[in-house]
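In what follows, a single structure is set out as structure tokens and then discussed.
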Amino acid sequence: MKSRQQAIAQEEWKAREALNSEVQRLKSELNWTRAQLSRHTQENMLYKDEIRRAETQNEETKRRLEEKANELKGAQAFLKHANMLSGADVISLVDRLNSEVYQGAASMADAFEFEGTSRRIDDAEWKRAMGAASKTIGGELMQALIAQRRMDKDDYDPILVQYALQTCLTFCCFKICISWAPEEENSQFLRGVYSEIQKKEDQVVAGRWRALTRAHIRETRNPEAETKQMIRELCAVLIVAGCSDKELSTEFEKDLLEITTLAIRVQAAIGESITSMDLEPYILPPGIPFDAARMEEEGGSQLQGKKTVGCTGLGLTQLVNGDRTILVRAKVLLDSAL
């Protein structure tokens with residue numbers, strides 16, 4: 001009996017030992033599994049971090065590519081060679097402007113009443129008119145108007161007043177056409193910057209800079225205000241000529257606004273629409289010998305040896321790589337016409 005109990009106890013001990021061994025084995029496996037799970041969890045976190053970094057780098061790369069694409073698009077637009085207008089288009093615009101100036105001056109000269117010395121003005125107004133007229137029409141033409149002012153109505157010649165008004169309008173249109181901005185100080189500054197760019201850059205770069213700059217400034221122009229300034233200049237000429245200027249701001253303001261608007265169109269065409277070359281309007285000063293290469297006499301006789309007294313129509317030149325070509329000759333009034 002005792003031996004049987006011992007045998008049972010021995011079997012139970014063996015079973016416990018086996019069970020303990022199995023428990024220990026299972027614990028070891030559990031610890032190993034836990035270690036593997038921890039390692040895999042850490043690896044998974046590392047992979048996720050790498051994926052996040054890759055996604056971030058991908059977004060940054062995508063953003064940079066979009067920036068470069070936009071920069072390239074902007075560069076392509078900036079360096080685009082195509083002109084929006086041809087030289088022939090601009091020549092047509094200048095010819096039309098000269099025609100409008102001629103017709104406007106002729107209409108005004110016929111409409112204004114000659115008052116001569118009967119028109120009473122104070123010394124201050126006379127000095128202002130003389131100063132303004134000398135800048136727009138020149139001294140010799142102004143003196144011819146003053147001489148005619150002393151004549152009787154029967155001797156009055158409206159053609160001289162027409163020439164003076166035409167010269168004044170041409171001067172005003174020239175100032176508009178060459179301007180970069182409504183304010184003369186800003187125009188001079190931008191013109192100087194462009195001149196420096198021309199010295200250091202290719203024509204395509206300089207031309208696009210000019211076009212973009214002028215296009216953004218164009219919104220600041222005020223045709224009505226520039227027409228008012230034109231009227232003031234014309235009034236000064238009429239005062240010197242001894243003519244009434246009462247109708248200038250009423251009957252002719254609309255016509256003068258059309259001339260101003262057309263001059264601004266010329267200014268935009270040469271400044272914004274042509275980039276492969278420079279087109280420059282020009283006028284000629286009084287007192288220089290007649291030169292058929294640059295000038296066309298008002299009336300068409302083209303007398304050599306005579307001198308200019310006024311410029312009655314805009315000229316146009318083309319400048320490419322330092323080479324200048326006359327596209328439209330400036331119309332001039334010669335001293336033989338006085």
In one Ile/Leu/Val/Met/Phe/Trp/Tyr side-chain cluster, 4.5 Å: Ile178, Val94: yes

Out of curiosity, Cys173 SG to Met230 CE, how far, rounded to the nearest 0.5 Å? 4.5 Å

Is the shortest heavy-atom distance from the side chain of Ile270 to the side chain of Glu280 under 4.5 Å? no

Kindly check if the number of other-residue, nucleotide or ligand heavy atoms within 6.0 Å of CD (Glu185) is above 12? no

Do Thr260 and Glu224 pass the side chain to side chain contact (heavy atoms under 4.5 Å, CB included) test, and can you show the C-alpha distance, the side-chain angles, and the key distance before you say yes or no? CA-CA 8 Å; Thr260 301; Glu224 289 77 13; over 6 Å; no

Within one Ile-Leu-Val-Met-Phe-Trp-Tyr cluster: Tyr102 and Leu284, side-chain cutoff 4.5 Å: no

Arg232 and Gln229: CA distance, side-chain angles, deciding distance, side-chain hydrogen bond (donor to acceptor under 3.5 Å, both in side chains) verdict: CA-CA 5 Å; Arg232 285 191 288 271; Gln229 178 60 33; 2.8 Å; yes

Distance-only, no hydrogens or angles: does the Asn31 side chain make a donor-acceptor pair with backbone N or O of Lys27 under 3.5 Å? yes

Check this for me, if you would: do Lys199 and Glu196 make a salt bridge, where the nitrogen-to-carboxylate-oxygen distance has to be below 4.0 angstrom? yes

Side chain of Ser92, backbone of Ala88: donor and acceptor closer than 3.5 Å? no

Separation between CD (Glu233) and CZ (Phe171), nearest 0.5 Å, reads 7.0 Å

Between the CD atom in Glu100 and the CD1 atom in Ile259, the distance rounded to the nearest 0.5 Å is 6.5 Å

Side-chain contact, heavy-atom cut-off 4.5 Å: Gln143 with Ile146? yes

Mark yes or no for whether Gln148, through its side chain, and Asp157, through its backbone, hold a donor-acceptor pair below 3.5 Å. yes

Answer yes or no: is there a donor N or O on one side and an acceptor on the other, between the side chain of Tyr194 and the main chain of Arg210, under 3.5 Å? no

Audit row: Arg265, Leu97, side chain to side chain contact (heavy atoms under 4.5 Å, CB included) steps and yes/no: CA-CA 10 Å; Arg265 281 187 61 192; Leu97 177 59; over 6 Å; no

Write down the atom of Arg221, the atom of Pro182, and the distance for their closest heavy-atom approach. CA-CG, 4.0 Å

Can you check whether Ile239's main-chain N or O pairs, donor with acceptor, with Arg149's side chain at less than 3.5 Å? yes

Indicate if Leu262 and Val328 have the same hydrophobic cluster label, given that clusters are the connected sets of ILVMFWY residues with side-chain heavy-atom separations under 4.5 angstrom. yes

Within the 3.5 Å criterion, strictly below it, is a donor on Ser179 or Ser187 matched to an acceptor on the partner's side chain? no

Dump the intermediate steps for side chain to side chain contact (heavy atoms under 4.5 Å, CB included) on Leu327 and Thr317, then the final yes or no. CA-CA 5 Å; Leu327 301 181; Thr317 65; over 6 Å; no

Do the side chain of Arg294 and the main chain of Ile326 share a donor and acceptor less than 3.5 angstrom apart? no

Looking at every heavy atom in both Leu314 and Asn98, which two are closest together, and how far apart are they? N-OD1, 2.8 Å

Would you check if there is a donor-acceptor pair between the side chains of Gln36 and Arg39 at a distance under 3.5 Å? yes

Close side-chain approach of Leu141 and Pro286, heavy atoms under 4.5 Å: no

Return the CG to CD distance between Leu93 and Gln267, rounded to the nearest 0.5 Å. 12.0 Å

Could you measure the distance from the NE2 atom of His40 to the OH atom of Tyr47? Nearest 0.5 Å is fine. 9.5 Å

For Val237 and Leu145 the tightest heavy-atom approach is CG1-CD1, 4.0 Å

Any idea which heavy atoms bring Leu165 and Ala109 closest together, and the distance? CD1-N, 4.0 Å

With distance as the sole criterion, is a donor-acceptor pair present between the side chains of Ser28 and Gln24 under 3.5 Å? no

Between Asp89 and Ser86, do the side chains contain a donor N or O and an acceptor N or O under 3.5 Å apart? yes

Is any side-chain heavy atom of Met108 less than 4.5 Å from a side-chain heavy atom of Leu256? yes

Measuring only between side-chain heavy atoms, which start at C-beta, is Met295 closer than 4.5 Å to Ile288? yes

Using side-chain heavy atoms (C-beta onward) and a distance below 4.5 Å, is Gln103 in contact with Asp255? no

Give the minimum heavy-atom separation between Glu272 and Ala211, together with the two atoms involved. O-CB, 3.5 Å

Can you measure from CG (Leu46) to CD (Gln42) and round to the nearest 0.5 angstrom? 7.5 Å

Member of Thr167, Ile137, Ile283, Leu169 meeting the side-chain contact (heavy atoms from CB on, under 4.5 Å) criterion with Thr312: Thr167

Ignoring hydrogens and geometry, is there a side-chain-to-backbone donor-acceptor pair from Thr170 to Gln166 under 3.5 Å? yes

Are the side chains of Glu253 and Lys228 in touch, meaning some heavy atoms are under 4.5 Å apart? yes

Indicate if Val205 and Leu319 have the same hydrophobic cluster label, given that clusters are the connected sets of ILVMFWY residues with side-chain heavy-atom separations under 4.5 angstrom. no

Is any side-chain N of the basic residue among Arg63 and Glu59 closer than 4.0 Å to the acidic one's carboxylate O? no

Indicate the atoms forming the closest heavy-atom contact of Phe174 with Tyr282, along with that distance. CE1-CA, 3.7 Å

Checking side chain to side chain contact (heavy atoms under 4.5 Å, CB included) for the pair Gln162/Ile159: CA distance, chi angles, key distance, verdict? CA-CA 5 Å; Gln162 176 186 326; Ile159 191 64; 3.5 Å; yes

When you compare the side chain of Glu140 with that of Lys307, does any pair of heavy atoms fall below 4.5 Å? no

Quick check on the hydrophobic clustering: are Leu234 and Met130 connected, directly or via other members, by side-chain heavy-atom contacts under 4.5 Å? yes

